[in-house]
> 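Below is the structure I would like to discuss, written out as structure tokens.
Just so you know, residue 1 is the first one in the sequence shown, and it goes up from there.
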Amino acid sequence: MTASKIQLNAQPAAGADITPIAASVKKSCHPSRVYSVLDKDLASNDQQLSAGVWLHRTTKTRDGKTESTQLWICGPLHVDAIIRNISCSDDYGRLLRLTNLDGKELLWAMPSELLVGRPERILSALLNRGLKIDHSHLTDIVDYIASQYPQRRIISTLTTGWIDAELFITPLECIGKGDAIFQSESPADGEYDRGGTLNGWQQSIGAALPGNPLLQLGIGTGLAGPLLAPLNIHAGGGFHLLWDSSNGKTTVVQCAASVWGHGARFPLKWNATANGLEGISALRNDCLLALDELGQADPSYVGDVVYSVADGIGKQRAGRSSAARRVRRWRVMLLSSGEVTLETKMAEAGKRIRAGQEVRLVTISAGRAFGAWDNLHDQASGAALSDSLKRACGIHYGHAGPAFLRALIDNCKLDKLPAMLEDIRAHFPATSGQTARVAERFAIVALALELAVDAGLLPMASGEGTTSMVELFEGWKAERGEGPSEDQQILHAVADFIDRHGGSRFQSVTADYAGTRDRAGYWEELPTGERLYLFTRGGLEEAAKGFDLSRVVRALDSVAAIAKKEPGKLQHRKRLPDGRNLGLYWINPTRLESQYK
């Protein structure tokens, strides 16, 4: 729209109705520049004034007379309040209310720091929201916003999640008691959305929960995010559903996503960039991060992403002035699916999975009686149940999460959660520290399920969620084996090395050098016919590449795989045919094999 320029008389013409303009005048620090906002089109002085923001300018002519003009600069745009964090010390901004091209009224909590940069960042966000703008007066729009200082004050936050013990915020709404708003410099809203009804979600997705442990795991993980902060758990973590293609594991992820948004749109793919996953994690704080198709991830950084997402801290970055920018922080529950494990994916880049990564993203077998399902609930097949649930995820979504939060706040259960978790935690026996961390995560999911059942949100029997999570936890322990995860990796690595190179890179201790290439050690035959493998230091380091040698020998010794050792040492000397007396690591491979029977 071309800017309207209307000459104003010093006194309004008789009968001219300019009250709507006068009533909405927005003063600025420049007396010659005053703004007004019309929410509807207005006829004034026989002229048609379009709805929107008008700039009233007063200038001096050459002959000393005062001339007033008014210019239309954009559609209706109000600055309703000053926003800032709960301590009134940071995160200041302005609450903008605009009417877009389709007549829909929208809010944007705009950070004040955008006012000191180039205007494009503000204008692009306004255009994206559908505000009608006169492109010949772009800077005037920013000047208008900057000139407004309304009296109203509202708490704002740069991340989703808990503001205090009675208020939870998403880009869509405030849940609980209080007045706050989500502040963002971009239109990104984390894909929180709502469709259909809660009752429809319960009768479709919720009705399939009984008898389906994996679906219970997915929905429980979706609900568990808001429990992390009240439980004083500062880092998240999650589960990876592993099985072949088209068995229903992606449907479980979509059902979990439907707790907060559209089943197909709320999840992301693992092929998102590391920076992109940081940004979306901050938008999912105290909530769910759902990721599909681990096989599409970049193997070179997927392990680092697991650490970052689970630990809830982004990379330290510098701003344009090289000063350190604020580090993003979040707490999320992660639900993933794929046809490969994290270990396999990292191996594509020649990397070895660490115990910390394995514990943060726990692999769960998604192979059940009918694909990912145990109870078909009158459906003809697992595929039919998956199709039914996928359709439901696109019709009824975004209700269960907010309803769960309201139940927690209204029933005043937040301060009781730690004691409740301890009671459920007793059902998950764990010995090592790593196993205990995984047990706690299963217990948190079980707690979320029990709370949702008590609130009448999930059509399940009380206690079924806990029983199902214990079953899945015991299955994970059985597949993983006892002891620290890294010990298992070391034992596997040494056993595999002997299996591959036992006949080519090891030389008999009784034979002279016979041209063994890249020798990793020697072998000695026992009276039983079995062999002991006597590793050199370099050979053992190669066999368990990526682990410190001291860590390797401790793991071997923990299962009595070191057959001979001198007092106070884990080596034993052996005089060789060439006269050398070497300290070697005497490994009994049968002790390694016994760990995997």
Side-chain angles (χ1 to χ4, degrees), residues 1-6 17-21 23-26 28 33-44 47-57 69-81 83 93-112 114-115 117-148 150 152 154 156 170-174 181-195 261-262 264-266 283 394 397-398:
M1 174 179 180
T2 304
S4 299
K5 295 188 178 182
I6 303 176
D17 182 9
I18 62 169
T19 303
I21 295 182
S24 61
V25 166
K26 310 291 186 179
S28 70
R33 297 171 64 88
V34 178
Y35 300 92
S36 64
V37 184
L38 288 176
D39 288 317
K40 296 181 179 180
D41 294 344
L42 172 70
S44 177
Q47 304 227 22
Q48 185 74 21
L49 302 182
S50 299
V53 179
W54 289 82
L55 167 60
H56 309 274
R57 293 195 307 199
T69 57
Q70 56 185 13
L71 307 172
W72 183 93
I73 61 175
C74 69
L77 175 64
H78 296 269
V79 183
D80 285 344
I83 54 180
R94 286 165 171 77
L95 179 59
L96 306 185
R97 174 168 52 91
L98 64 95
T99 304
N100 70 11
L101 292 167
D102 290 308
K104 185 175 181 180
E105 192 169 82
L106 302 175
L107 294 177
W108 177 31
M110 185 199 81
S112 289
L114 294 184
L115 292 169
R118 296 177 63 87
E120 288 85 348
R121 296 173 69 188
I122 297 175
L123 295 168
S124 64
L126 292 173
L127 284 168
N128 186 70
R129 286 169 166 82
L131 182 66
K132 192 175 183 180
I133 285 177
D134 183 343
H135 284 253
S136 63
H137 291 278
L138 297 179
T139 58
D140 288 324
I141 298 171
V142 178
D143 289 343
Y144 158 64
I145 296 171
S147 69
Q148 304 305 301
R152 184 184 175 197
I154 297 178
S156 69
T170 75
L172 287 184
E173 61 184 323
C174 290
I181 192 166
F182 175 71
Q183 182 183 165
S184 173
E185 65 181 62
S186 73
D189 58 7
E191 296 291 352
Y192 293 84
D193 203 355
R194 189 176 293 120
H262 191 284
R265 295 195 293 264
F266 194 81
L283 287 170
Y397 54 87

> Taking all non-hydrogen atoms of both residues, which atom of Asp41 and which atom of Ala51 are closest, and how far apart?
OD1-N, 2.8 Å
> Classify the ring geometry of Tyr35 against Tyr144: parallel below 30°, tilted from 30° to 60°, perpendicular beyond 60°.
tilted
> Spell out, as yes or no, whether a donor-acceptor pair under 3.5 Å connects the side chain of Arg129 to the backbone of Leu106.
no
> Compare all side-chain heavy atoms of Asp193 with those of Phe266 and state whether any distance is below 4.5 angstrom.
no
> So, Tyr192 side chain and Glu173 main chain: donor-acceptor pair closer than 3.5 Å or not?
no
> I want to check something: taking the side chain as every heavy atom from C-beta on, are Ile141 and Val53 in contact at a cut-off of under 4.5 Å?
no
> Taking the side chain as everything from C-beta on, heavy atoms only, tell me whether His135 gets closer than 4.5 Å to Leu127.
yes
> Which pair of heavy atoms, one from Trp108 and one from Ala125, lies closest together, and at what distance?
CH2-CB, 3.4 Å
> What distance do Leu114 atom CG and Glu120 atom CD have between them, rounded to the nearest 0.5 Å?
12.0 Å
> First locate atom CG of Asp143, then atom CG of Leu55, and finally report the distance between them rounded to the nearest 0.5 Å.
9.0 Å
> Locate the shortest heavy-atom distance separating Ile83 from Ala109; write the atom from each residue and the value.
CD1-CB, 3.5 Å
> Any chance you could measure Leu115, atom CG, to Ile122, atom CD1, to the nearest 0.5 Å?
4.5 Å
> Within a strict 4.5 Å, meaning less than it, do heavy atoms of the Leu138 and Ile133 side chains meet?
yes
> Given side chains that start at C-beta, do those of Glu105 and Arg97 come closer than 4.5 Å, heavy atoms only?
yes
> Using side-chain heavy atoms (C-beta onward) and a distance below 4.5 Å, is Met110 in contact with Leu126?
no
> When rounded to the nearest 0.5 angstrom, what is the spacing between CG in Asp140 and CH2 in Trp54?
13.0 Å
> Is the shortest side-chain heavy-atom distance between Asn100 and Leu131 below 4.5 Å?
no
> Can you measure from CG (Leu71) to CZ (Arg33) and round to the nearest 0.5 angstrom?
8.5 Å
> Of all heavy-atom pairs between Val37 and Leu77, which one has the smallest distance, and what is that distance?
CG2-O, 3.7 Å
> How far apart are the closest heavy atoms of Thr170 and Phe182, and which atoms are they?
O-CB, 4.1 Å
> Contact between Val79 and Leu96 at the side-chain level, heavy atoms closer than 4.5 Å - yes or no?
yes
> Quick check for you: to the nearest 0.5 Å, what is the distance between Ile145 atom CD1 and Cys74 atom SG?
7.5 Å
> Which pair of non-hydrogen atoms, one from Gly93 and one from Gln183, has the smallest distance, and what is that distance?
CA-OE1, 4.2 Å
